[in-house]
Amino acid sequence: MTNLGDLEIFAKVVSTGSMSLAGRALGFSPAVVSKRIKRLEDRLGTRLLQRTTRQISLTEVGQGFYDRVLGILAGLEEAEFYISGRSAQMHGTLKISAPTSFGRMHIAPHLKDFMEAHPELAINLVLTDEFSDIVGGGFDLAIRIAELTDSSLVARRLAPVRRLLCASPDYLAAHGEPKHIDELKHHRCLPAHNNDTWRLKGPDGALSLRPEGLLITNSSEVIREAVIAGLGIALRSTWDIGEELKSGRLVQVLPAYEGSHNVALSAVYPSRQFLPAKVRLFIDYLAELYGPVPYWER
């Protein structure tokens, strides 16, 4: 009978497209991975993978075998999920990538409840404003705030993202409140990143503009503090400034214009067919926590 571990290694090689990446994800050296794949092919009496110095691809029979292996691994994962769901115990480490500010404000405060429900599960939360290489970095999932394009990754929408133009009352008292979108060129604007373009949706449809200001930074958190301090007008997400809007420290300007509605909060992971139970549990937890009307909008 074929070793189940060999099937897992084979599936990981196919999903990562690399012996070394598969080995890194599973804790094996590339030599061990290669040996296990060869053992699997020898047992089956057929070649499953075409190997070149540049890439690895499935043979025709390898593709059919891979489709069936995913079914086997998914069935095993479902069985483990059933048991773990009943015992409420998860093991191992869940490695997550998330945006810096969002992770600090809306993931970290909620980890306690999740980790207390799964005390044997370790969390490795990596905060970065760059898009992490999920497969190469060994991440189980990534939380992204973006307009996602087609890719080999699977995305599950967790919540809408609403972005508003805002400023402090002090700034507006000193510089006046813009009444038309064209008046922004006469104001100090605070783009979230250097040379950032604001993609907005207004009464006449979509438009893009490149705001200009005197503050140059690559930090979104610096821009957040700057707009609260009264240095200009910024385009910010309500998850980021919801409390300041409620308290009056910030006010919305040009309310007819908002950020593109195509941007959303999503969980991104490598494969729908072989989704570890720990990943599914965490994504379900966040989806229920945020919901279609997230708490920062209420």
Side-chain angles (χ1 to χ4, degrees), residues 1-87 89-97 121 124 131-142 144 148-157 266-284:
M1 181 179 295
T2 300
N3 185 297
L4 185 62
D6 290 348
L7 298 184
E8 185 177 5
I9 290 173
F10 168 69
K12 186 63 71 173
V13 169
V14 175
S15 66
T16 61
S18 164
M19 296 276 188
S20 58
L21 289 179
R24 188 184 308 167
L26 296 173
F28 298 127
S29 68
V32 169
V33 172
S34 179
K35 183 178 179 180
R36 296 283 288 273
I37 293 296
K38 185 177 186 305
R39 182 174 76 177
L40 178 61
E41 290 178 328
D42 289 345
R43 179 172 181 80
L44 296 173
T46 187
R47 180 175 290 277
L48 301 171
L49 300 172
Q50 296 286 5
R51 307 168 181 80
T52 68
T53 55
R54 286 189 167 185
Q55 64 180 6
I56 293 175
S57 60
L58 286 164
T59 63
E60 183 178 354
V61 68
Q63 180 64 61
F65 185 69
Y66 176 63
D67 293 340
R68 288 158 178 80
V69 165
L70 286 180
I72 293 169
L73 295 176
L76 178 61
E77 191 67 26
E78 286 294 334
E80 292 182 349
F81 182 74
Y82 170 75
I83 297 298
S84 63
R86 288 174 62 88
S87 64
Q89 295 296 316
M90 283 281 124
H91 300 274
T93 299
L94 181 63
K95 188 175 182 181
I96 308 159
S97 172
L121 180 63
N124 181 356
F131 273 15
S132 300
D133 180 351
I134 296 180
V135 174
F139 290 96
D140 293 295
L141 75 153
R144 290 183 177 169
L148 298 179
T149 56
D150 293 337
S151 73
S152 60
L153 301 173
V154 181
R156 177 175 170 184
R157 183 185 174 100
S266 301
V268 180
Y269 49 96
S271 172
R272 189 191 305 277
Q273 292 176 290
F274 184 37
L275 183 62
K278 60 185 178 181
V279 177
R280 184 178 314 171
L281 278 174
F282 191 72
I283 292 175
D284 288 346

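For clarity, every value in this text was computed on a predicted model and none was experimentally measured.
- R51 approaches I37 most closely through the heavy-atom pair NH2-CG2, 3.0 Å.
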Candidate pair I134 and L141, rule side-chain contact (heavy atoms from CB on, under 4.5 Å), full reasoning: CA-CA 7 Å; I134 296 180; L141 75 153; over 6 Å; no

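- Here the side chain of T59 pairs a donor or acceptor atom with the backbone of R47 at under 3.5 angstrom.
- A distance-only check finds no donor-acceptor pair linking the side chain of S266 to the backbone of V268 [under 3.5 Å].
- The minimum heavy-atom distance between A11 and V69, with the atom names listed, is CB-CG1, 4.3 Å.
- Under a 3.5 Å cut-off, the side chain of E41 and the backbone N or O of L48 do form a donor-acceptor pair.
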Verdict with supporting geometry, F65 and L44, side-chain contact (heavy atoms from CB on, under 4.5 Å): CA-CA 10 Å; F65 185 69; L44 296 173; 3.6 Å; yes

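- Among residues two or more places apart in sequence or in another chain, the side-chain contact (heavy atoms from CB on, under 4.5 Å) test is passed with R39 by N3, D6, R36.
- Side chain of S34 to main chain of A31: no donor-acceptor pair is present (N/O by atom type, distance under 3.5 Å, no hydrogens or angles).
- Expressed to the nearest 0.5 Å, how far CD of Q63 lies from CG of L49 amounts to 10.5 Å.
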Verdict with supporting geometry, L58 and F10, side-chain contact (heavy atoms from CB on, under 4.5 Å): CA-CA 11 Å; L58 286 164; F10 168 69; 3.8 Å; yes

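- Separation of atoms CZ (F282) and CD1 (I96) is listed at 3.5 Å; rounding is to 0.5 Å.
- Between S97 atom OG and N124 atom CG the span is 10.0 Å, to the nearest 0.5 Å.
- When all heavy atoms of G23 and V33 are compared, the pair lying nearest together is CA-CG2, 3.6 Å.
- Take K35 and apply the salt bridge (charged side-chain N to carboxylate O under 4.0 Å, His left out) test, not counting sequence neighbours, and it matches no residue.
- Under a cutoff of 6.0 Å and an axis angle of 45°, R144 and F131 form a cation-pi pair.
- A distance of 9.5 Å separates CZ of R24 from OG1 of T16, quoted to the nearest 0.5 Å.
- Nearest heavy atom pair, residue K12 against residue L26, reads CB-CD1, 3.8 Å.
- Between G92 and L121, the shortest heavy-atom distance links the atoms O-CD1, 3.5 Å.
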